[in-house]
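Here is the structure we will look at, set down as structure tokens.
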Amino acid sequence: MYYLSIKGKQKLKGSVSISGAKNSALPLLAASLLSKNRITLSNIPNVVDVKTLLKLLENLGAYAKMEKDIVQIDTMTVKSACANYDIVRKMRASILTLGPLLARFGHCEVSMPGGCAIGQRPIDLHLKALEQMGAVIELKQGYVVAKAPNGLKGTTIIFDKVTVTGSENILMAAALAHGVTKLVNVAKEPEVVQLCEVLRDAGVNIEGIGTTNLTVVGSYGELLDMQNIKVIPDRIEAGTYLCAGAITNSKITITDVIPKHMESITLKLQQMGFSFDIKENSITIIPADKIDAVDIETSEYPGFPTDVQAQFMALCTQANGTSIIDERLFENRFMHVSELARMGANIKLKGHSATVEGNMDLIAADVMATDLRASSALILAALVAKGVTKIHRIYHLDRGYENLEGKFSALGARIERLEE
Ligand code: EPZ
């Protein structure tokens with residue numbers, strides 16, 4: 001086991017290149033199950049969650065090889081349609097194989113994903129939609145056992161809640177369905193949009209891409225002629241590094257980004273007093289004279305992303321005044337609060353709302369990562385804390401951040417990965 005050791009009170013400088021989006025790479029890798037040819041995906045982030053999904057696809061019988069940021073994948077050799085518990089339990093996004101496997105083989109077994117630190121993470125909306133498309137679904141010994149021997153049927157699906165992976169699962173199912181599927185209240189995250197574009201480029205007729213209502217003309221079970229893919233940049237990793245520049249009041253540049261995907265993040269930082277030099281594929285954050293407190297409410301895209309809520313909470317401990325953070329998407333996404341408190345933060349929780357006192361002088365401590373984004377908030381706090389902070393259980397970080405200490409070191413942070 002490893003931990004991160006970070007010496008605080010160090011300004012940052014320079015620029016950092018942002019990797020491909022984990023949350024786009026995962027559905028796109030699952031979508032390879034719909035392809036009749038080998039495909040190459042580039043700008044794939046070298047993170048544990050991607051490796052876990054590649055292992056799952058290989059277990060199903062696919063050819064999957066990753067070299068640097070390039071993945072070659074061919075699912076024509078897939079023999080099994082059973083995604084086993086041992087791998088799925090490691091990563092809930094494995095549920096993204098459910099739609100494609102069922103659409104392609106007419107039956108599949110995918111282990112129920114466990115919950116996780118941030119919440120129960122149900123998949124009822126995924127299952128309800130597949131049943132509406134004609135699937136018969138049973139839950140047996142922790143597995144989703146789905147059958148649609150005559151294929152899935154196009155129909156109208158109205159999602160009771162906006163669900164990112166739910167939208168992606170049903171999109172992939174609809175691509176091979178018999179007939180037209182209308183999807184209402186679909187997630188509009190850039191990662192969902194990229195999946196739509198990849199399916200469209202593979203010959204699927206999709207209308208409404210980028211909106212909350214999609215019409216998908218299914219291929220009646222015909223596998224798709226998928227093209228090579230370049231994964232979009234990771235707007236959440238990018239937001240994390242902007243927060244690192246903000247919390248250390250440093251001028252740094254993030255490159256290989258799509259600024260449009262990050263407008264809610266840069267707008268919130270502007271409200272806190274920061275300014276930006278924004279170019280086509282890069283953003284430079286310019287220090288604030290003083291950091292203003294701010295109110296945050298997380299919501300679906302294009303609203304403020306829940307995946308940077310923890311990072312902003314760390315930043316708010318340095319603002320002038322009290323900030324209120326409302327976490328609207330997950331019922332338990334405040335696991336970072338108790339760890340930040342160990343470093344001297346003063347944060348009060350009431351239901352899904354956190355009141356964050358500003359002007360806090362954080363002190364280094366031993367802290368524990370609990371989930372992917374909470375862990376990155378601890379790094380940000382450590383960058384401004386007095387002393388050397390040790391962050392344990394950093395396997396959470398390795399799930400979604402590529403070369404984390406390498407990128408932070410290149411920005412001048414005094415960070416090391418050491419063995420417990
Ligand atoms: C995706 O998770 C992301 N993961 C999450 O990122 C992200 O936090 C989340 O979307 C919200 O943006 C991937 O894309 C792999 P949801 P997902 O279904 O799809 C409820 C990270 O850090 N819901 O959009 O699982 C659910 O409980 C991860 O990279 C149901 O009730 O999230 C939640 O309250 C963490 N029933 C809300 O909807 C369902 O069937 C949004 O969840 C599905 C979801």
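Positions are given from 1, in the same order as the sequence printed here. Read the numbers this way: they start at 1 and go in the same order the structure lists the ligands and their atoms.
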Under 4.0 Å, counting heavy atoms only: does Lys128 come that close to any atom of ligand 1? no
Are there more than 12 heavy atoms of other residues, nucleotides or ligands under 6.0 Å from atom CZ of Arg393? no
Atom 2 (O) of ligand 1: closest protein heavy atom, distance to 0.1 Å, is Arg121 NH2, 3.4 Å
Checking Lys161 against Phe159: charged group under 6.0 Å from the ring centre and within 45 degrees of the axis? no
Nearest-neighbour protein heavy atom for atom 33 (C) of ligand 1, which is reported as residue plus atom name and distance: Leu329 O, 3.3 Å
Pair Phe408 + Tyr241: ring centers closer than 6.0 Å: yes
Lys65 bridged to Glu58 by N-O distance under 4.0 Å: yes
Please report the C-alpha distance between Glu331 and His352 in whole Å, then the side-chain angles of each, then the deciding distance to 0.1 Å, and finally whether the side-chain hydrogen bond (donor to acceptor under 3.5 Å, both in side chains) criterion is met. CA-CA 7 Å; Glu331 65 271 25; His352 49 70; over 6 Å; no
Can you list the atoms of ligand 1 that are under 4.0 Å from a heavy atom of Arg92? 25 (O)
Judged by heavy atoms only, the candidate from Ala129, Ala25, Pro122 nearest atom 23 (N) of ligand 1 is Pro122
Element-labelled atoms of ligand 1 that are located less than 4.0 Å from some non-hydrogen atom of Arg373: 21 (C), 22 (O), 29 (O)
For atom 18 (O) of ligand 1, grab the closest protein heavy atom and report residue, atom and distance to one decimal in Å. Thr163 OG1, 2.7 Å
Between Asp124 and ligand 1, does any nitrogen or oxygen pair lie at a separation below 3.5 Å? yes
min-distance protein heavy atom vs atom 8 (O) of ligand 1 -> Asp307 OD1, 2.6 Å
Taking only non-hydrogen atoms of His126 and a 4.0 Å limit, the atoms of ligand 1 in range are 40 (O)
By number and element, which atoms of ligand 1 are closer than 4.0 Å to a non-hydrogen atom of Ile123? 39 (C), 40 (O)
Indicate yes or no: does Asp295 engage Lys268 in a salt bridge with an N to O separation below 4.0 Å. no
Here the atoms of ligand 1 under 4.0 Å from any heavy atom belonging to Lys22 are 21 (C), 29 (O)
Please give me the minimum heavy-atom distance between Asp49 and Leu26, naming the atom from each residue. O-CD2, 3.7 Å
Is the shortest side-chain N to carboxylate O distance from Arg235 to Glu191 below 4.0 Å? yes
Any N/O pair Leu125/ligand 1 closer than 3.5 Å: yes
Just to be sure I read this right, does ligand 1 sit under 4.0 Å from the backbone of Thr306, its side chain, both, or neither, counting only heavy atoms? side chain
For atom 32 (O) of ligand 1, what's the nearest protein heavy atom and its distance? Phe330 CZ, 3.9 Å
Counting heavy atoms only, which of Val164, Val162, Thr298 comes nearest to atom 41 (C) of ligand 1? Val162
Only residue of His396, Lys407, Arg373, Glu237 satisfying side-chain hydrogen bond (donor to acceptor under 3.5 Å, both in side chains) with Tyr401 is Arg373
Surrounding OH of Tyr301 (heavy atoms of other residues, nucleotides or ligands, distance under 6.0 Å), is the total greater than 12? yes
Test side chain to side chain contact (heavy atoms under 4.5 Å, CB included) on Met66 and Ile44 and set out the steps. CA-CA 9 Å; Met66 182 164 183; Ile44 295 268; 3.6 Å; yes
Closest heavy-atom approach to atom 35 (C) of ligand 1 among Arg399, Arg333, Glu327 is made by Arg333
Tell me, which protein residue and heavy-atom name are nearest atom 17 (P) of ligand 1, and how many Å apart are they? Thr165 OG1, 3.6 Å
Closest heavy-atom approach to atom 3 (C) of ligand 1 among Asn23, Asp160, Leu96, Ile236 is made by Asn23
Could you tell me whether Glu327 and Arg333 make a salt bridge, using a distance below 4.0 angstrom between a side-chain N and a carboxylate O? no
for atom 38 (O) of ligand 1, nearest protein heavy atom and its distance come out as Lys161 CD, 3.8 Å
Looking at ligand 1, is there an atom of it that comes within less than 4.0 Å of some heavy atom belonging to Gly400? no
Under 4.0 Å between a Lys/Arg side-chain N and an Asp/Glu carboxylate O for Arg342 and Asp366? no
